[in-house]
**Q** 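Take this structure, written in structure tokens, and hold onto it; I'll ask about it next.
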Protein chains: 2
Amino acid sequence: MPQFADRVAKAQRSFIREILKVTADPSVISFAGGLPNPAAFPVPEIAAAAAKVLYEAGPSALQYSTTEGYLPLRQWIAARYQKRMGMNVRPEDILITTGSQQALDLVAKVIVNAGDTVVMEKPGYLGAIQAFTIFRPSWRSVPLEDDGPDMDALDRALEGAKLFYAVTSFQNPSGLSYSEAKRAAVAELLHKHGTFFLEDDPYGELRFKGRALPPVCKQRSEHSMLLGTFSKVAAPGFRLGWIVARGEIMERLVIAKQAADLHTGSLDQMIVHQFLADNDFEAHVARIRDLYGAQCRTMQAAIAQHFPEGVRVTDPEGGMFLWVTLPEGVSATELLKRSVDCKVAFVPGAAFYVDGTGENTLRLNFSNADSQTIDEGIKRLGACIKACLDGAPKACKGA
Amino acid sequence: MPQFADRVAKAQRSFIREILKVTADPSVISFAGGLPNPAAFPVPEIAAAAAKVLYEAGPSALQYSTTEGYLPLRQWIAARYQKRMGMNVRPEDILITTGSQQALDLVAKVIVNAGDTVVMEKPGYLGAIQAFTIFRPSWRSVPLEDDGPDMDALDRALEGAKLFYAVTSFQNPSGLSYSEAKRAAVAELLHKHGTFFLEDDPYGELRFKGRALPPVCKQRSEHSMLLGTFSKVAAPGFRLGWIVARGEIMERLVIAKQAADLHTGSLDQMIVHQFLADNDFEAHVARIRDLYGAQCRTMQAAIAQHFPEGVRVTDPEGGMFLWVTLPEGVSATELLKRSVDCKVAFVPGAAFYVDGTGENTLRLNFSNADSQTIDEGIKRLGACIKACLDGAPKACKGA
């Protein structure tokens with residue numbers, strides 16, 4: 001057999017996607033996925049938008065289109081940044097991508113030579129780790145504190161680094177957000193080191209408490225790329241994301257995008273634009289925020305009741321995830337084996353660390369289960385954690 | 001400014017896409033694009049399929065889905081290979097991609113290290129040249145004859161090569177097809193050299209004369225990947241293509257696909273599947289074949305009437321393109337400058353050569369213009385060619 005490329009010699013399937021196959025069993029309560037709640041998908045509105053686009057635009061909704069993306073959609077996105085954040089983003093600064101995941105692939109392609117240093121958060125977003133891994137970077141990682149990165153560690157990590165990747169609001173996997181002070185400090189450090197910066201903001205619209213904060217990119221736009229997506233505020237099945245970038249960076253991203261898939265689906269872009277034009281987007285997003293806020297509070301209350309002492313949990317102001325730290329020495333991978341027997345699943349945290357640590361951490365998704373299911377699942381998981389801490393051979397009876 | 005990755009240091013925007021911008025002027029007759037005829041897009045059928053999918057599947061049509069693709073669509077594709085070609089393809093051998101262009105990117109990622117030898121046809125498909133160029137191969141190219149590659153040249157080129165890329169039916173850009181004898185001979189050479197083989201078959205369904213021939217991959221499936229697409233038989237705006245592959249190759253392609261965009265649009269896949277399930281696909285494809293066959297004959301007749309002697313043109317049995325070879329020493333790039341003044345455009349052939357030759361060749365697309373437009377455009381182009389051959393300063397009056 002001829003040899004594959006070195007870049008995939010060590011690549012592995014996403015552990016999360018493999019867990020998702022286990023959780024296809026409907027009797028398993030899964031907090032493992034990162035799925036938005038399908039109850040919040042605007043199905044009738046999308047159906048109306050699809051019908052209208054195909055009736056009014058006809059064949060042109062089905063033809064090849066420009067690599068940069070559908071201009072009215074890019075105009076909508078630019079206007080939204082202006083309105084929400086007071087950010088000066090022009091439509092020509094926006095490249096539509098086939099989901100944010102493609103944006104990660106394109107940025108990695110355009111920026112990362114094998115061996116270049118990429119700085120990740122610790123824990124960091126698994127999809128980014130996978131996309132970058134293909135291009136064989138050298139990793140550094142910076143611990144997250146409750147209000148953002150450890151700034152001394154970030155200063156050291158940025159020395160000579162090529163790129164810093166950060167999810168600054170309601171991070172996946174931790175649920176943590178950068179404070180206003182740390183956003184400013186990060187912008188300053190990036191300026192000092194001259195590092196490329198990739199800010200990923202998939203959850204920014206999903207803030208259910210606290211005060212909205214603009215992306216770090218508002219303060220430091222040069223050498224920076226900001227990612228957004230419709231996956232959490234419309235629906236992920238469209239695979240519609242975008243990159244905000246300028247100048248030479250945008251030039252190269254467009255070239256890489258042409259080579260990667262010519263352009264993102266024309267019909268998808270036109271349907272989502274029609275949906276945005278014909279509906280009250282603020283009201284729609286407010287419903288998702290309220291839903292996820294309630295689900296988060298339900299999960300936090302259940303955790304307070306059912307988890308043993310010594311287990312720490314983050315307190316997110318938005319997004320879809322809670323992050324759990326077990327006492328030192330307890331393995332979340334071992335816990336998962338028990339909990340699957342008890343018909344409850346989560347993602348062990350180690351996959352989110354590029355330095356091989358994080359064995360005592362795990363991620364819980366609260367967006368994709370109703371209150372009763374959350375209660376029952378956390379109760380089961382609490383029993384499993386207690387059994388682990390007690391060294392008991394079995395966590396649950398009769399499961 | 002920090003440095004971009006080496007792989008995009010030399011990357012350039014597609015010359016074709018830049019020409020397409022010039023041809024946005026509606027007074028220009030363009031044979032430059034590679035667009036299917038929008039008159040053949042099944043718009044009402046797609047609208048019905050979209051409505052049905054959203055009504056029946058609801059939120060699940062908008063949720064994240066599996067990387068491999070929508071199973072019923074993969075089953076349809078597998079059954080179609082069995083029916084058309086007698087090929088034994090299983091649904092699990094099919095990976096749905098975001099257009100064939102993404103398939104090219106994924107295959108390049110998984111196979112090509114910088115410096116690996118990739119063998120192209122001469123002329124070769126520009127989209128493949130672009131996708132592969134990102135991964136910095138060393139190129140070899142093999143001249144195409146009327147019935148397929150120069151076999152001696154292919155034998156030499158495959159020596160020590162990593163991958164051979166070929167469009168075996170109604171090739172883009174040349175319109176040429178591999179004969180039955182050369183298909184068998186290519187399979188044998190690939191077996192002899194043990195080279196990875198990427199066979200691209202976007203136009204296979206669009207045969208308007210001659211006898212259907214199965215892909216080379218039917219005879220040589222090991223280390224081989226076969227590409228297909230719905231862009232030419234349904235609509236390109238969906239960005240729906242696929243890769244047929246097996247075993248370790250498929251394993252790695254799935255990993256690369258996960259990292260590239262998680263999965264291809266769920267709604268797009270379900271709409272196209274619904275369209276295929278609810279309509280007479282054979283009759284639909286027959287209409288496209290008849291349309292393109294008539295347009296090809298119109299263009300050939302106009303060429304016979306208006307082009308000067310000494311200009312050679314291919315005689316395709318299907319697809320969307322004719323290939324023109326001007327007398328030695330005449331530059332198609334220079335011709336384009338004249339012809340744009342005369343309001344007619346095409347793609348100069350040099351972009352399709354990885355060895356810097358092909359200056360006296362050009363590509364004409366016949367799928368995306370009606371008969372009258374084809375007649376008028378070829379008349380203008382013929383006048384420009386004559387003026388070029390005569391060394392006249394201007395090709396057309398009053399344009």
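Please read all numbers here as calculations on a predicted model, not as lab measurements. To find a chain, count down the sequence lines: A is the first, B the second, and so on, and within it residues start at 1.
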**Q** What is the ring orientation for A:Phe196 with B:Phe4, classed by angle as parallel under 30°, tilted 30 to 60°, or perpendicular over 60°?
**A** tilted
**Q** Which heavy atom in B:Gly34 sits nearest to a heavy atom in A:Tyr64, and how many Å separate them?
**A** O-CE1, 4.0 Å
**Q** Quick one: what part of B:Ala103 sits under 4.5 Å from any heavy atom of chain A, side chain, backbone, both or neither?
**A** neither
**Q** Given heavy-atom pairs under 4.5 angstrom as the criterion, report whether the side chain, backbone, both or neither of B:Glu248 touches chain A.
**A** both
**Q** Going from CD1 on B:Ile271 to CD1 on A:Ile271, what distance comes out if it is rounded to the nearest 0.5 angstrom?
**A** 5.5 Å
**Q** Answer yes or no: is there a donor N or O on one side and an acceptor on the other, between the side chain of B:Gln63 and the main chain of A:Pro36, under 3.5 Å?
**A** yes
**Q** Is B:Ala51 in contact with chain A via its backbone, its side chain, both, or neither, using a 4.5 Å heavy-atom distance?
**A** neither
**Q** Using a cut-off of under 4.5 Å on heavy-atom pairs, state which of A:Val53, A:Thr98, A:Thr264 scores highest against chain B.
**A** A:Thr98
**Q** Taking B:Val110, B:Ile129, B:Leu240, B:Leu267 one by one, which has the highest count of heavy-atom pairs under 4.5 Å against chain A?
**A** B:Val110
**Q** What part of B:Ser231 gets closer than 4.5 Å to chain A, counting heavy atoms only: side chain, backbone, both or neither?
**A** side chain
**Q** Can you find a pair of side-chain heavy atoms, one from B:Ile46 and one from A:Leu54, that are under 4.5 Å apart?
**A** yes
**Q** Is it the side chain or the backbone of A:Ala39 that comes within 4.5 Å of chain B heavy atoms, both, or neither?
**A** neither
**Q** Which bit of B:Leu106 is near chain A, if near means a heavy-atom gap under 4.5 Å: side chain, backbone, both or neither?
**A** neither
**Q** Quick check for you: to the nearest 0.5 Å, what is the distance between B:Asp268 atom CG and A:Asp268 atom CG?
**A** 4.0 Å
**Q** So, taking the atom named CG in B:Asp6 and the one named CG in A:Asp116, what distance separates them when rounded to the nearest 0.5 Å?
**A** 8.0 Å
**Q** Minimum heavy-atom separation for A:Gly194 and B:Pro2, please, with both atom names.
**A** O-CG, 3.4 Å
**Q** Which heavy atom in A:Ala5 sits nearest to a heavy atom in B:Val112, and how many Å separate them?
**A** CB-N, 3.7 Å
**Q** Kindly give the heavy-atom pair with the smallest separation between A:Phe238 and B:Leu62, and that separation in Å.
**A** CZ-CD2, 3.9 Å
**Q** Top residue by heavy-atom pair count (under 4.5 Å) with chain A, among B:Phe135, B:Phe132, B:Phe41?
**A** B:Phe41
**Q** Can you tell me how far the CZ atom of B:Arg7 sits from the CD1 atom of A:Ile255, to the nearest 0.5 Å?
**A** 14.0 Å
**Q** Has the side chain of B:Lys162 got a donor or acceptor atom that lies under 3.5 Å from a matching backbone atom of A:Gln3?
**A** yes
**Q** Does any backbone or side-chain atom of A:Leu104 lie under 4.5 Å from a heavy atom of chain B? Answer side chain, backbone, both or neither.
**A** neither
**Q** Quick one: CD on B:Gln258 to CG on A:Leu126, what's the gap to the nearest 0.5 Å?
**A** 9.0 Å
**Q** Using a 3.5 Å distance criterion without hydrogens, assess whether the side chain of A:Arg239 forms a donor-acceptor pair with backbone atoms of B:Ser266.
**A** no
**Q** Write down the atom of A:Gln101, the atom of B:Ala259, and the distance for their closest heavy-atom approach.
**A** NE2-O, 2.9 Å
